[in-house]
Number of protein chains: 2
Amino acid sequence: MADTDTLELLLRKLERHTPLPEADRRAVLALPAHGRSVPPATYLVREGEPPTSCVVLLSGFAFRHKIVESGARQIVSLHLPGDALDFQSLYLRYADHNAQTLTRADLAVVPIAAMRELVTTRPLVARAVLMDLLIEASILREWIVNIGRRNARARLAHLLCEFACRMDIIGLSEPDGYALPMTQEQIGDALGLTSVHVNRSIKALSQEGLITRKGRLIGFPHIKELREVGDFSELYLHLDEAIG
Amino acid sequence: MADTDTLELLLRKLERHTPLPEADRRAVLALPAHGRSVPPATYLVREGEPPTSCVVLLSGFAFRHKIVESGARQIVSLHLPGDALDFQSLYLRYADHNAQTLTRADLAVVPIAAMRELVTTRPLVARAVLMDLLIEASILREWIVNIGRRNARARLAHLLCEFACRMDIIGLSEPDGYALPMTQEQIGDALGLTSVHVNRSIKALSQEGLITRKGRLIGFPHIKELREVGDFSELYLHLDEAIG
DNA sequence: CATATTGGGTAACTTATGTTGCCATACACT
DNA sequence: AGTGTATGGCAACATAAGTTACCCAATATG
């Protein structure tokens, strides 16, 4: 994948909520980024290590996670193509979590120094980064709510709805559903459940006719009902936040 | 409380991780803020409403929460004196959560426009705000892990340790513990538990000798063991992150 | 080819946590 | 003083979710 494609996608990400003036756009496109393709399960960030670069997902999926003392894993966020994986690394000395690819992925890798320089000298780029972080924090809050106060069936429905929404934003949604790029164990780790119980919950939603399945391809014949089951409202995704 | 005290505290918050040049400090102190005292349970932000101002907690405690369809509440973060409650409001059109005081509190209220202007024209202030957000996101991730993958006893121990650490940072810790400004029901809402089970868990920690109690005053005779029980490591609080 | 390995599926059983309900104390309000 | 309301405490019982232990199919791997 050519480096220009790389930076186009980063730019699109930054401009999702607020357009940038031409000078800023050029500065973004002039970043010294390079592309890189990696297999599934590649570590992009390791807890406790100092960050080395800013990574943007061009294609493929990724997740962040932490391991607790018992050895259990909790996935704390999912990332889709276009997501900037590590604004964290901009100003924090050590990573507080791991990040790993879920699938094969193409990455844009930007040196931290260049990204810092950009954010420092371009207030509107800084604002775009800030907005992205605000929205990420909002999603984290909703995940806390999901895990803390909803039962397994609702949690799963909520995750499926969120993924559908986010796929939709970046134009990756098919008319009849999508392929969720996660094993049932990974879904469990994202929802604070065991894989066995995820399996039970999938079966439940399936038998109720709320989802259909062909392997990992999931269809949503009654999206309205599914959203109700998952108590899902996309407000927390702040989809339409353009500010003058 | 005088307005100057107000802004001093905001400045101290912003400079926690990176000192600001004199011009920036003066700009912060020149913000058109005003003080306000409010009783417990005062709403500072309401989900779905457009933000009206940036609030900084001068004294007292606050929390953010969301209500799910079943009526259950999940507290998604706690805030101590010095915390800026709403950088969110800087660039997002609608609040995605509620914020409410836990106790009597003194607030510094800054108009959004002034805060935006400051962040736009002062890159180093923008950086300080960004760092604050990055750390807040890190805490949110740790809460997801806590709720998703630890049992009630560990969750509670973790919360107590986090609170101890954060009280310590701002110089509010007493040698022998602190008064946790929350009812058992609120603790439950923060941990994804019921108040009954919080009561059980407090009793358990108490009987093991890991905490002592006089009303809401909690002591930590064996902080090391308590941290082990809570699988607590303060790395995620990014306490020492000064970057050149 | 043989055979690990991974992922999905499911049953039987266990357990952590939730639910309901009740009592006691402390305080706030009239 | 008297009555309500919030909070902590606790026991009895209910249940959602975890644990363990299998099977099967698909697909890497030697």
Side-chain angles (χ1 to χ4, degrees), chain A residues 39-41 61 68 70-75 100-104 146-159 179-208 211-218 229-231, chain B residues 39-41 68 70-75 100-104 146-159 179-207 211-218 229-231:
Chain A
F61 298 86
V68 298
S70 70
R73 174 177 68 175
Q74 178 66 45
I75 292 177
Q100 218 175 343
T101 53
L102 221 33
T103 62
R104 277 198 85 270
N146 202 33
I147 295 172
R149 287 294 183 225
R150 295 197 188 102
N151 65 24
R153 177 163 155 272
R155 272 185 233 183
L156 178 61
H158 191 280
L159 179 72
L180 189 67
M182 304 171 76
T183 67
Q184 293 185 1
E185 191 180 0
Q186 288 163 340
I187 297 174
D189 286 348
L191 297 177
L193 298 169
T194 57
S195 62
V196 173
H197 205 61
V198 168
N199 188 286
R200 286 198 269 255
S201 306
I202 291 178
K203 198 167 89 175
L205 287 183
S206 202
Q207 282 173 349
E208 292 172 71
I211 60 175
T212 62
R213 309 172 49 211
K214 269 184 285 185
R216 283 194 191 168
L217 247 162
I218 304 184
V229 167
D231 186 23
Chain B
V68 298
S70 69
R73 173 178 69 173
Q74 177 67 43
I75 293 177
Q100 218 175 343
T101 53
L102 222 32
T103 61
R104 278 199 84 269
N146 201 34
I147 295 172
R149 285 296 184 225
R150 295 197 188 103
N151 64 26
R153 179 164 154 272
R155 271 186 235 183
L156 177 60
H158 191 281
L159 179 73
L180 189 67
M182 303 171 76
T183 66
Q184 293 185 0
E185 191 179 2
Q186 288 164 341
I187 297 173
D189 285 348
L191 296 177
L193 297 169
T194 58
S195 61
V196 174
H197 206 59
V198 167
N199 189 284
R200 286 197 269 254
S201 306
I202 291 179
K203 200 167 85 174
L205 287 183
S206 202
Q207 281 173 348
I211 60 174
T212 62
R213 309 171 52 212
K214 269 185 282 183
R216 285 194 189 170
L217 246 163
I218 304 184
V229 167
D231 186 24

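Just so we're on the same page: letters track the sequence lines, and every chain starts at 1. Quick caveat, the model's predicted, so the values are computed rather than measured. What you see below is based on every heavy atom in this structure, not just the backbone, and it leaves out hydrogens, waters and symmetry mates.
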Base, sugar-phosphate, or nothing: which does A:G192 touch, judged by heavy atoms less than 4.0 Å apart? sugar-phosphate
Summarise how protein sits on nucleotides 22-30 of chain D as a single string, 5' to 3': B when a protein heavy atom is under 4.0 Å from the base, S for sugar-phosphate-only contact, - for no contact. ---------
List the protein contact pattern of nucleotides 23-30 of chain C with one symbol per nucleotide (5' to 3'): B for base contact, S for sugar-phosphate-only contact, - for none; contact means a heavy-atom distance under 4.0 Å. --------
What's the spacing between [X] [atom1] and [Y] [atom2] if we round to 0.5 Å?
{"X": "B:Q186", "Y": "B:L102", "atom1": "CD", "atom2": "CG", "value": "5.0 Å"}
{"X": "A:I147", "Y": "B:N146", "atom1": "CD1", "atom2": "CG", "value": "11.0 Å"}
{"X": "B:R150", "Y": "B:D231", "atom1": "CZ", "atom2": "CG", "value": "4.0 Å"}
{"X": "B:L217", "Y": "B:I211", "atom1": "CG", "atom2": "CD1", "value": "12.0 Å"}

Measuring only between side-chain heavy atoms, which start at C-beta, is [X] closer than 4.5 Å to [Y]?
{"X": "B:R216", "Y": "B:T183", "result": "yes"}
{"X": "A:I75", "Y": "A:I187", "result": "no"}
{"X": "B:V68", "Y": "B:Q74", "result": "no"}
{"X": "B:T212", "Y": "B:I218", "result": "no"}

With no hydrogens and no angle check, is any side-chain donor or acceptor of B:T101 less than 3.5 Å from a backbone partner on B:P39?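 Checking the backbone N and O of B:P39 against the side chain of B:T101, a donor-acceptor pair under 3.5 Å is found.
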With distance as the sole test, does B:R155 use its side chain to make a donor-acceptor pair with the main-chain N or O of B:L191 at under 3.5 Å? yes
Near DNA chain C, which residues from residues 146-155 of chain A have a heavy atom under 4.0 Å away?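 Here the set is empty: none.
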At what angle, to 10 degrees, do the two end axes of the helix from C:dC1-D:dG30 to C:dT30-D:dA1 meet, given five pairs define each axis?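 Between the axes fitted at each end of the helix from C:dC1-D:dG30 to C:dT30-D:dA1 lies an angle of 40°.
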Nearest whole Å is fine: how far is [N] [atom2] from [X] [atom1]?
{"X": "A:E185", "N": "D:dT19", "atom1": "CD", "atom2": "P", "value": "12 Å"}
{"X": "A:K214", "N": "C:dG7", "atom1": "NZ", "atom2": "P", "value": "23 Å"}
{"X": "A:Q186", "N": "C:dG7", "atom1": "CD", "atom2": "P", "value": "7 Å"}
{"X": "A:L193", "N": "C:dA16", "atom1": "CG", "atom2": "C1'", "value": "14 Å"}
{"X": "B:I187", "N": "D:dG9", "atom1": "CD1", "atom2": "C1'", "value": "14 Å"}

By side-chain hydrogen bond (donor to acceptor under 3.5 Å, both in side chains) - contacts of [X] (at least two apart):
{"X": "B:E185", "value": "none"}
{"X": "A:Q184", "value": "A:N199"}
{"X": "B:D189", "value": "A:R149, B:R73"}

State, to 0.1 Å, how close A:A190 and A:M182 come at their nearest heavy-atom pair, and which atoms those are. CB-CE, 4.2 Å
Once side-chain contact (heavy atoms from CB on, under 4.5 Å) is applied, do any residues pair with B:T103, and if so which ones, sequence neighbours excluded?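 Partners of B:T103 under the side-chain contact (heavy atoms from CB on, under 4.5 Å) test: B:F61, B:P181.
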Neighbours of DNA chain D within residues 194-204 of chain A, by heavy-atom distance under 4.0 Å: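 Output list: A:T194, A:V196, A:H197, A:R200.
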Is there any salt bridge (charged side-chain N to carboxylate O under 4.0 Å, His left out) pair reaching into residues 192-205 of chain A, and which pairs are they, with sequence neighbours excluded?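 For residues 192-205 of chain A, and leaving out neighbouring residues, there are no salt bridge (charged side-chain N to carboxylate O under 4.0 Å, His left out) pairs at all.
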Answer yes or no: does a side-chain N or O of B:R213 lie under 4.0 Å from OP1 or OP2 of D:dG8? no
